Peer 1: 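Quick one: structure below, then a few questions.
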Amino acid sequence: MARSEVLPRSFFDRPVLDVAPELLGAVVVHGPVALRLTEVEAYDGANDPASHAYRGLTPRTTVMFGPAGHLYVYFTYGMHYCANLVCGPDGTAAAVLLRAGEVVEGLDVARTHRPGVTKDSVLARGPANLVRALGLGPHHNGIDVIGGDVQVRRAAADPGEIRTGPRVGVSTGATRPWRFWIAGDPTVSAYRPGTRKPRSTAR
DNA sequence: CCCATGATACTCT
DNA sequence: GAGTATCATGGGG
């Protein structure tokens with residue numbers, strides 16, 4: 001039987017809305033820690049007001065405009081790092097934000113990355129927590145995930161279990177249902193489920 | 001359980 | 001100078 005195959009660059013070098021849902025279930029590996037992705041979001045720089053790259057190339061977004069299969073790590077809210085997988089051809093700025101996952105290997109090491117956390121299901125819940133659980137940091141910005149320090153193994157979630165909804169924390173382009181997660185997964189469910197009751201009255 | 005708020009520093013205009 | 005692809009905590013139900 002096939003051992004888990006490392007995703008090739010061609011997997012990432014496609015439209016980001018195709019790649020994102022297929023990443024659910026895939027396993028990100030860094031050192032002893034392996035993480036099964038349970039929640040991701042797509043960002044499409046050219047067409048997406050919520051993307052960091054929407055306003056064009058800046059020093060920070062250089063990696064997003066580069067070739068597929070590299071890691072884009074950014075700093076936000078004064079204290080957190082988040083990680084994306086760059087998609088699409090060189091010159092475009094699409095990427096998939098890694099929002100949550102389940103630690104499936106190296107649990108002991110992942111716990112040391114998240115001191116004080118007692119429930120394993122929250123080790124990698126939320127994009128900044130995921131980065132910490134994996135032991136990633138700003139120095140991983142731009143690294144190649146094909147044959148490098150960080151890799152992604154192919155594995156697919158049950159298509160019937162995939163849900164979509166609006167992205168978290170974005171103010172512009174918020175209606176686009178470009179968040180994808182695995183239904184009922186404990187690493188996702190407590191974190192802003194897509195079924196918020198809308199306030200009926202206009203404001 | 002759910003919601004509201006403060007912390008904190010980098011990036012771009 | 002304003003905004004931010006967030007998290008942990010604390011209070012109320």
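In what follows, chains carry the letters A, B, and so on, assigned in the order in which the sequence lines appear, proteins first and then strands, with residues in each chain numbered from 1. Every heavy atom of this structure was used, including side-chain atoms; hydrogens, water molecules and symmetry mates were not. Since the structure is predicted, the reported quantities are computational estimates derived from the model, not experimental observations.
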Peer 1: Does the side-chain ring of A:Tyr74 lie flat on the base of C:dA5, meaning centres under 5.5 Å and planes less than 30 degrees apart?
Peer 2: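 Ring-base stacking flag not set for A:Tyr74 and C:dA5.
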Peer 1: If you check the A:Met79 side chain, which of B:dA7, C:dA8, C:dT6 turns out closest?
Peer 2: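 Among the listed nucleotides, the one closest to the side chain of A:Met79 is B:dA7.
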Peer 1: Report the residue from A:Val28, A:Leu134, A:Leu107, A:Leu136 that forms a side-chain contact (heavy atoms from CB on, under 4.5 Å) with A:Val33.
Peer 2: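 Of the listed options, the one satisfying the test is A:Leu134.
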Peer 1: A:Lys119 has an atom NZ; how far is it from atom C1' of C:dA8, in whole Å?
Peer 2: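 Nearest whole value for this atom pair: 14 Å.
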Peer 1: Is the phosphate of C:dT6, meaning OP1 or OP2, less than 4.0 Å from a side-chain N or O of A:Arg132?
Peer 2: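 So the side-chain polar atoms of A:Arg132 never come under 4.0 Å of the phosphate oxygens OP1 or OP2 of C:dT6.
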Peer 1: Using both pair distances under 3.5 Å as the test, note the stems of at least 3 consecutive Watson-Crick or G-U pairs that include DNA chain C.
Peer 2: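 When the pairs of DNA chain C are grouped into runs of at least three, the stems are B:1-7 with C:6-12, B:9-12 with C:1-4.
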Peer 1: Which pairs count as ring pair (Phe, Tyr, Trp, His ring centres under 6.0 Å) when at least one residue sits in residues 7-27 of chain A, sequence neighbours excluded?
Peer 2: none
Peer 1: Name the closest nucleotide to the A:Arg114 side chain, picking from C:dA8, C:dA5, C:dT6.
Peer 2: C:dA8
Peer 1: With the six-membered base ring of C:dT4 as reference, does the ring of A:Tyr77 sit under 5.5 Å away with planes under 30° apart?
Peer 2: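 Answer is yes, a stack.
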Peer 1: Determine, step by step, whether A:Leu35 and A:Val103 satisfy the side chain to side chain contact (heavy atoms under 4.5 Å, CB included) criterion, reporting the C-alpha distance in whole Å, the side-chain angles of both residues, the deciding distance to 0.1 Å, and the verdict.
Peer 2: CA-CA 4 Å; A:Leu35 195 77; A:Val103 177; 3.6 Å; yes
Peer 1: Could you list, one pair per line, each protein nitrogen or oxygen that sits under 3.5 Å from a nitrogen or oxygen of nucleotides 10-13 of chain B, together with the distance?
Peer 2:
from   : atom 1 : to      : atom 2 : distance (Å)
B:dC12 : OP1    : A:Thr58 : OG1    : 2.3

Peer 1: Under a 4.5 Å side-chain heavy-atom rule over Ile, Leu, Val, Met, Phe, Trp and Tyr, are A:Tyr81 and A:Leu85 clustered together?
Peer 2: yes
Peer 1: Below 3.5 Å, can you tabulate the donor-acceptor pairs from side chains in residues 51-62 of chain A to any protein atom, sequence neighbours excluded?
Peer 2:
from    : atom 1 : to      : atom 2 : distance (Å)
A:Ser51 : OG     : A:Ala53 : N      : 3.0
A:His52 : ND1    : A:Tyr72 : OH     : 2.9
A:Thr58 : OG1    : A:Arg60 : N      : 3.4
A:Thr58 : OG1    : A:Thr61 : N      : 3.4
A:Thr58 : OG1    : A:Thr61 : OG1    : 3.1
A:Arg60 : NH2    : A:Phe75 : O      : 3.1
A:Thr61 : OG1    : A:Thr58 : N      : 2.9
A:Thr61 : OG1    : A:Thr58 : O      : 3.3
A:Thr62 : OG1    : A:Thr58 : O      : 3.2
A:Thr62 : OG1    : A:Pro59 : O      : 3.0

Peer 1: Please check if the side chain of A:Arg179 supplies one atom and the backbone of A:Glu39 the other of a donor-acceptor pair under 3.5 Å.
Peer 2: no
Peer 1: Is A:Asn84 touching bases, backbone alone, or none of the nucleic acid, heavy atoms closer than 4.0 Å?
Peer 2: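 Base contact - A:Asn84 has a heavy atom under 4.0 Å of at least one base atom.
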Peer 1: Please output the side-chain donor-acceptor pairs of residues 145-157 of chain A that fall under 3.5 Å, not counting sequence neighbours, one pair per line with the distance.
Peer 2:
from     : atom 1 : to       : atom 2 : distance (Å)
A:Asp149 : OD2    : A:His30  : NE2    : 3.4
A:Arg153 : NH1    : A:Glu105 : OE2    : 3.1
A:Arg154 : NE     : A:Glu5   : OE1    : 2.9

Peer 1: Whether A:Arg167 contacts C:dT6 is assessed here as follows: a side-chain N or O lying under 4.0 Å from the phosphate OP1 or OP2. Is that the case?
Peer 2: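 Checking C:dT6 against A:Arg167, no side-chain N or O comes under 4.0 Å of OP1 or OP2.
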Peer 1: Who else is in the cluster with A:Val27 when I, L, V, M, F, W and Y are joined by side-chain contacts under 4.5 Å?
Peer 2: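 Under the 4.5 Å side-chain rule, A:Val27 groups with A:Val29, A:Val104.
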Peer 1: Once you round it to whole Å, what is the distance between P of C:dA5 and CG of A:Asn129?
Peer 2: 17 Å
Peer 1: May I ask you to evaluate whether A:His80 reaches the phosphate of C:dC7, defined as a side-chain N or O under 4.0 Å from OP1 or OP2?
Peer 2: no
Peer 1: Measure the CG-OG1 distance between A:Leu23 and A:Thr38 for me, rounded to the nearest 0.5 Å.
Peer 2: 12.0 Å
Peer 1: Calculate the interatomic distance between A:Leu98 atom CG and C:dT6 atom P; express it in whole Å.
Peer 2: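 Distance check: A:Leu98 CG to C:dT6 P gives 13 Å.
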